[in-house]
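In this text, all values refer to a predicted model and were calculated from it rather than measured experimentally. Letters A, B, ... mirror the listed sequences (proteins, then strands); counts begin at 1. The figures here come from the full heavy-atom set of this structure, side chains too, leaving out hydrogens, waters and symmetry mates.
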There are 2 protein chains.
Amino acid sequence: MREFKRKSRVLLVDDNSDHLRGIKELVSLEGCYDVVGATTSANVAINLIKKYRPDIVLMDINMPEKDGLQAIQEIEKLGLDTRIIALSGYDDADLIFRAMKIGAKGYVLKTMASAQLIYAIDEVSAGKVYLPSALSSRFFEYFQRSFKDEAVVSDEENLLTYLTSREEEVLELLTQGNNYKGIAGKLFISETTVKTHVNNIFQKLQVNDRTQAVLYALNNGFGNRKRSKVAV
Amino acid sequence: MREFKRKSRVLLVDDNSDHLRGIKELVSLEGCYDVVGATTSANVAINLIKKYRPDIVLMDINMPEKDGLQAIQEIEKLGLDTRIIALSGYDDADLIFRAMKIGAKGYVLKTMASAQLIYAIDEVSAGKVYLPSALSSRFFEYFQRSFKDEAVVSDEENLLTYLTSREEEVLELLTQGNNYKGIAGKLFISETTVKTHVNNIFQKLQVNDRTQAVLYALNNGFGNRKRSKVAV
DNA sequence: TTCGTTCTAAATCTTTGGATTGATAAAATA
DNA sequence: TATTTTATCAATCCAAAGATTTAGAACGAA
């Protein structure tokens with residue numbers, strides 16, 4: 001499959017120039033990749049990317065000068081179809097998670113065999129997202145852990161289930177920041193009717209005012225909104 | 001490696017009894033697995049799991065009677081160390097994502113080769129999380145897409161940055177559903193002072209009332225809270 | 001020192017929000 | 001059929017929220 005594709009253009013970024021040289025040789029040895037650039041600076045890398053539009057960027061994310069993750073984020077914001085593979089010395093679940101979250105298409109450890117790196121480039125170059133098995137495991141453990149608390153919350157009695165469909169409509173509009181007049185206008189009913197509904201909602205959700213009602217709704221999976229504990 | 005481990009105990013759940021028989025034979029042929037049960041009902045499965053504590057559960061998630069995802073969630077809530085592999089007819093990204101989110105340790109398509117299923121069981125049995133390469137790709141695309149909007153949002157001007165630290169404290173208490181009296185009491189300042197702060201907050205966030213202020217705060221990464229567009 | 005900002009506070013006033021009671025009509029359900 | 005639930009609306013009434021103005025004290029920067 002690889003031999004039929006045009007050569008993929010690869011850019012290398014690693015603050016350690018020895019590593020950089022090593023990786024460059026390694027990738028260059030593969031017939032199907034053109035190394036269009038290699039730099040020790042993330043800032044230079046971003047400019048090179050704008051200029052050469054590489055297909056693949058191998059980005060070291062353990063750099064002192066500029067955070068590699070931040071660099072990835074900036075590159076992603078350019079909206080090019082450059083696909084980034086994070087290179088890291090650590091198999092830390094949080095690092096892996098954050099890298100994938102901001103759009104890295106792969107994550108490879110520096111300690112991994114060079115064949116592994118080439119394989120990752122092959123896969124990502126083919127449009128896939130590639131995480132080595134061991135790192136993928138880490139990722140999913142972290143991912144599942146970050147949603148565990150949320151599941152527990154939805155386990156306890158959800159007072160939202162007691163709302164009638166009309167009350168849900170009203171609450172929906174409340175969660176959009178509407179006041180009585182706004183809701184009345186949007187539902188084509190009188191303001192007093194809205195007040196009645198809102199009061200019933202307060203009773204059912206056991207809250208005292210609209211802000212608390214809105215907070216309850218958001219924290220208990222109202223509509224298709226969900227709060228997650230995942231942070232960047 | 002496999003031959004040194006004790007036999008893993010496997011439970012099979014599929015509403016199609018033909019499939020069920022087929023899978024049972026397939027798994028039974030592997031020397032290292034004991035099929036401790038096979039049922040067409042998710043509800044029966046949950047009882048069997050409580051009774052036999054299998055190591056692995058193969059759960060069909062395309063069942064009419066009871067939603068397989070819901071069943072997985074219930075099993076996860078039992079807090080056992082049973083690891084669940086989702087069996088599905090669809091490689092839908094959303095389905096895969098939801099299955100992994102609620103704790104499935106693997107996701108295998110029914111159309112995949114039987115060797116693939118066995119491999120998945122092997123990997124999950126070994127404590128890993130296993131997603132076939134193609135599905136893993138799907139998952140990550142969905143995952144990255146679900147965080148993309150969020151990144152864009154944090155990119156545009158965040159009015160929260162204009163708040164003073166005192167105003168942030170007040171807003172924090174607002175997002176907890178406090179009224180003026182509550183905030184005044186907690187900050188040991190007068191109610192009128194709180195009103196002043198709140199009014200300044202409204203000006204800076206360009207909103208009309210506390211509910212809108214709270215919504216703005218939650219939607220723009222106030223504190224360590226982050227809203228995600230990901231839903232179960 | 002002077003200027004700007006922040007935090008504090010009060011006074012005043014208008015609007016909105018929330019509680020309560022009561023009532024009608026349609027629709028679902030027993 | 002009888003009963004309950006739901007959705008609708010009105011009229012109060014009080015409390016809370018919001019807008020506006022003014023002002024003193026503390027603090028840091030120009």
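Although no hydrogens or angles enter the test, the distance criterion places no donor-acceptor pair under 3.5 Å between the side chain of Glu191(B) and the main chain of Ala184(B). Arg145(A) places no side-chain N or O within 3.5 Å of a backbone atom of Phe140(A) that could act as its donor or acceptor partner. The backbone N or O of Tyr33(B) sits nowhere less than 3.5 Å from a side-chain atom of Ser8(B) that would complete a donor-acceptor pair. A side-chain donor-acceptor contact under 3.5 Å links Gln144(A) to the backbone of Ala104(B). The backbone N or O of Thr196(A) sits less than 3.5 Å from a side-chain atom of Asn200(A), completing a donor-acceptor pair.
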*Evaluate side chain to side chain contact (heavy atoms under 4.5 Å, CB included) for Leu160(A) paired with Leu171(A), printing each intermediate quantity in order.*
CA-CA 10 Å; Leu160(A) 290 172; Leu171(A) 181 54; 3.7 Å; yes
Taking N or O atoms only and anything under 3.5 Å, show me the protein contacts with nucleotides 21-30 of chain D, one pair per line.
none

Anything under 3.5 Å between a protein N or O and an N or O of nucleotides 4-7 of chain D, put it in a table, one pair a line.
from	atom 1	to	atom 2	distance (Å)
dA7(D)	OP1	Arg166(A)	N	3.1
dA7(D)	OP2	Thr164(A)	OG1	2.5

Can you pull every protein N or O that's under 3.5 Å from an N or O on nucleotides 27-30 of chain C?
none

What nitrogen or oxygen pairs link the protein and nucleotides 13-19 of chain D at under 3.5 Å?
from	atom 1	to	atom 2	distance (Å)
dG18(D)	OP1	Arg210(B)	N	2.9
dG18(D)	OP2	Tyr180(B)	OH	3.2
dG18(D)	OP2	Arg210(B)	NE	3.1
dG18(D)	OP2	Arg210(B)	NH2	3.2
dG18(D)	O6	Lys195(B)	NZ	3.2
dA19(D)	OP2	Asn199(B)	OD1	2.5

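Remark: Tyr107(B) pairs with no residue by the ring pair (Phe, Tyr, Trp, His ring centres under 6.0 Å) rule, at least two apart or across chains. When the side chain to side chain contact (heavy atoms under 4.5 Å, CB included) test is applied to Asp18(B), the partners found at least two apart in sequence or on another chain are Asn16(B), Arg21(B). Residues satisfying the side chain to side chain contact (heavy atoms under 4.5 Å, CB included) criterion with Asp91(A), sequence neighbours excluded, are Leu109(A), Leu135(A), Arg138(A). Annotation: side chain to side chain contact (heavy atoms under 4.5 Å, CB included) contacts of Ser190(B) (sequence neighbours excluded): Thr192(B), Thr193(B). For Glu169(B), the side chain to side chain contact (heavy atoms under 4.5 Å, CB included) partners at least two apart in sequence or on another chain are Arg166(B), Leu187(B).
To the nearest angstrom, C1' of dT6(C) lies 13 Å from CD of Glu168(B). Computed from coordinates, the Ile183(A) CD1 to dC9(D) C1' distance equals 16 Å when rounded to whole Å. What separates CD1 of Ile201(B) from P of dT8(C) is a distance of 12 Å, to the nearest Å. Going from atom CG of Asn200(B) over to atom P of dT20(D) covers 12 Å, rounded to whole Å.
Between Phe139(B) and Phe143(B), the ring-plane angle classifies as parallel under the 30° and 60° cut-offs.
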Tabulate below the donor-acceptor pairs under 3.5 Å that side-chain atoms of residues 78-87 of chain A make, not counting sequence neighbours, or state none.
from	atom 1	to	atom 2	distance (Å)
Thr82(A)	OG1	Pro54(A)	O	2.9
Arg83(A)	NE	Val124(A)	O	3.1
Arg83(A)	NH2	Gly127(A)	O	3.0
Arg83(A)	NH2	Lys128(A)	O	3.0

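Under the salt bridge (charged side-chain N to carboxylate O under 4.0 Å, His left out) criterion, the residue pairs touching residues 196-206 of chain B are Glu167(B)-Lys204(B), with sequence neighbours excluded.
Close to dA10(C), at under 4.0 Å from its OP1 or OP2, lies a side-chain N or O of Thr192(B).
Minimum interatomic distance between Asn62(B) and Asp15(B) (heavy atoms only, all atoms of both residues): O-OD1, 4.1 Å.
End-to-end axis angle of the helix from dT1(C)-dA30(D) to dA30(C)-dT1(D), from C1' rotation axes over five pairs per end: 50° (rounded to 10 degrees).
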